[in-house]
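Here is the structure we will look at, set down as structure tokens.
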Amino acid sequence: MKSKIKTYNSEDFRKEYFYDSPKLNKLFKKSIEDFFCLKIEDLAEKVLKPIHPSREESHTLIFVTEGSYNTKIGFKKYTITPNNIVVLQAGCVFSTEEVKKTVKGFACHFHPSILIGKFGNSSLISEFDFLNTGNHPIINVSNSFAKASIVNILERLVFEFKRDAIPDINIIHSYLYTLLTELKILFGQNKFINQSASYQITSQFRILAHKKVKENLKVADFAQIMNISPNHLNKSVKFITTKSASKLIDDIKLIEIKYLLYQSNLSISEISYEMGYLDPSYFTRFFKKREKISPSKFRKLIEKS
């Protein structure tokens with residue numbers, strides 16, 4: 001039976017992949033919607049089921065302090081070892097086998113809009129580039145000072161989530177923003193680039209291109225949505241990425257296609273229709289032109305790897 005990759009909101013994801021736990025149910029009932037922060041040990045003990053290929057509308061940060069955590073993100077397998085954080089970005093396709101009882105660390109889950117209420121700026125999340133789908137999802141935390149700071153922040157978020165009273169949204173906002181800022185530094189972003197107009201345009205364009213990846217929009221369509229000229233959009237994207245806007249659209253399409261080839265059992269024709277291509281032969285030519293291999297051969301290669 002063919003299966004599409006389902007997108008979950010936080011509540012539906014918990015219903016699908018969390019075993020019934022009165023203790024956790026009590027926590028989630030009194031907590032803030034679309035947010036939790038727990039120790040991995042709290043989830044590994046008969047709480048979290050194996051996760052089939054899925055998407056979430058929220059981000060999840062997994063920080064491993066002991067043991068190792070295995071996951072598939074997009075079309076790659078990752079083993080997360082101590083002092084590393086894996087970023088499961090909102091919208092990415094991921095799957096996870098059973099979490100080992102020997103794994104220790106933290107899982108912090110939040111919707112992209114959670115900071116907007118506190119700081120009143122919808123572009124705030126875009127300054128954290130590691131949350132954009134398509135970026136490398138591993139952040140190393142080997143620096144002892146940075147690790148101590150991040151552990152302290154996560155411990156505070158866990159405490160706030162698990163305490164008997166209703167969590168204080170202002171505390172969560174503040175600590176979460178501090179956490180993301182610490183990770184931003186470790187990710188190695190340049191603050192001056194982040195503040196430039198070209199960076200903001202490129203970031204917005206990248207998010208839109210991922211969101212509308214199956215609509216086959218052109219550069220002019222995105223420019224109209226963003227209320228700028230196609231030339232301005234293309235110049236901004238090229239300045240930041242060295243790629244044209246159309247090339248970035250193609251790159252994002254290819255990532256999505258590879259997700260489907262790797263993490264679904266849809267046929268090549270079904271993936272073609274899923275991606276908005278009515279002609280499967282054109283879809284195959286598009287993929288082969290850029291990857292130098294057909295979609296079916298690519299699927300066989302990743303199945304053997």
Side-chain angles (χ1 to χ4, degrees), residues 5 7-10 13 17 34-40 43 48 51 53-65 67-97 99 103-115 124-143 146-147 149-151 153-154 157-158 161 172 175-190 194 199 202-203 206-207 209-211 213 251-252 255-256 258-259 262-263:
I5 295 172
T7 300
Y8 295 90
N9 60 33
S10 297
F13 184 84
Y17 291 115
D34 292 333
F35 168 82
F36 72 78
C37 192
L38 290 165
K39 291 189 175 181
I40 295 176
L43 296 172
L48 188 65
I51 300 169
S54 306
R55 298 180 197 270
E56 260 248 62
E57 294 175 353
S58 298
H59 303 297
T60 303
L61 308 176
I62 307 289
F63 181 24
V64 175
T65 56
S68 63
Y69 173 85
N70 297 314
T71 186
K72 292 179 182 178
I73 305 173
F75 49 94
K76 292 183 181 179
K77 295 179 182 179
Y78 295 90
T79 298
I80 315 306
T81 52
N83 300 328
N84 284 289
I85 293 177
V86 59
V87 182
L88 300 176
Q89 301 143 339
C92 78
V93 179
F94 72 99
S95 59
T96 302
E97 296 178 359
V99 180
V103 185
K104 292 185 179 180
F106 301 88
C108 185
H109 170 100
F110 60 95
H111 192 272
S113 65
I114 192 166
L115 294 176
L124 184 66
I125 281 289
S126 67
E127 79 174 69
F128 303 113
D129 201 42
F130 55 88
L131 296 178
N132 291 333
T133 306
N135 285 319
H136 195 278
I138 308 296
I139 299 176
N140 181 263
V141 193
S142 56
N143 179 285
K147 180 181 177 181
S149 298
I150 289 169
V151 167
I153 294 167
L154 288 167
L157 286 169
V158 170
F161 178 74
I172 288 173
Y175 275 94
L176 186 56
Y177 181 75
T178 304
L179 173 65
L180 295 177
T181 303
E182 290 277 5
L183 296 181
K184 173 183 169 182
I185 294 169
L186 291 173
F187 193 65
Q189 293 185 80
N190 184 305
N194 274 345
Y199 179 87
T202 302
S203 180
R206 193 197 302 268
I207 292 168
H210 277 287
K211 188 175 182 180
V213 69
D251 288 349
I252 290 168
I255 290 171
E256 182 71 18
K258 288 176 181 178
Y259 285 173
Y262 184 54
Q263 298 224 37

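All of these numbers come straight from a predicted model, not from anything done at the bench.
Annotation: side-chain hydrogen bond (donor to acceptor under 3.5 Å, both in side chains) contacts of S149 (sequence neighbours excluded): none. Checked against ring-ring contact (aromatic ring centres under 6.0 Å, His included), F13 has the following partners two or more places apart in sequence or in another chain: Y8, Y17. The side-chain hydrogen bond (donor to acceptor under 3.5 Å, both in side chains) test applied to E182 returns no partner, not counting sequence neighbours. In this structure, the side-chain hydrogen bond (donor to acceptor under 3.5 Å, both in side chains) partners of S95, at least two apart in sequence or on a different chain, are Q263. Here Y78 pairs with nothing under the ring-ring contact (aromatic ring centres under 6.0 Å, His included) rule; sequence neighbours left out. Under the salt bridge (charged side-chain N to carboxylate O under 4.0 Å, His left out) criterion, K147 pairs with no residue at all, not counting sequence neighbours.
Contact annotation: the side chain of F128 approaches that of T181 to within less than 4.5 Å [non-hydrogen atoms, C-beta and beyond]. A heavy-atom distance below 4.5 Å is found between the side chains of T7 and E57. Side-chain contact between I40 and Y69: absent, with no pair of heavy atoms (C-beta onward) separated by less than 4.5 Å. A 4.5 Å side-chain heavy-atom check between L186 and I85 finds every atom pair outside the cut-off. Contact of the L176 side chain with the C108 side chain is registered, since non-hydrogen atoms from C-beta on lie closer than 4.5 Å. Between I252 and R206 there is a side-chain heavy-atom pair separated by less than 4.5 Å. Here the side chains of L61 and L154 are not in contact, with every heavy-atom distance at 4.5 Å or above. Counting heavy atoms from C-beta outward, Y259 and C92 have side chains that approach closer than 4.5 Å.
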Practice prompt. Start with the C-alpha gap between S10 and D34, add the side-chain angles, then the distance that decides, and say whether side-chain hydrogen bond (donor to acceptor under 3.5 Å, both in side chains) holds.
Written response: CA-CA 6 Å; S10 297; D34 292 333; 2.9 Å; yes
Fill in: side-chain contact (heavy atoms from CB on, under 4.5 Å) assessment of L43 paired with V99
CA-CA 8 Å; L43 296 172; V99 180; over 6 Å; no
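Of the possible donor and acceptor atoms, one in the side chain of Q89 sits under 3.5 Å from a partner among the backbone N and O of F130.
Checking each of L38, V151, I62 against F106 for a side chain to side chain contact (heavy atoms under 4.5 Å, CB included) leaves exactly one that passes, namely V151.
In this model, a donor atom of one side chain and an acceptor atom of the other lie less than 3.5 Å apart for H109 and T60.
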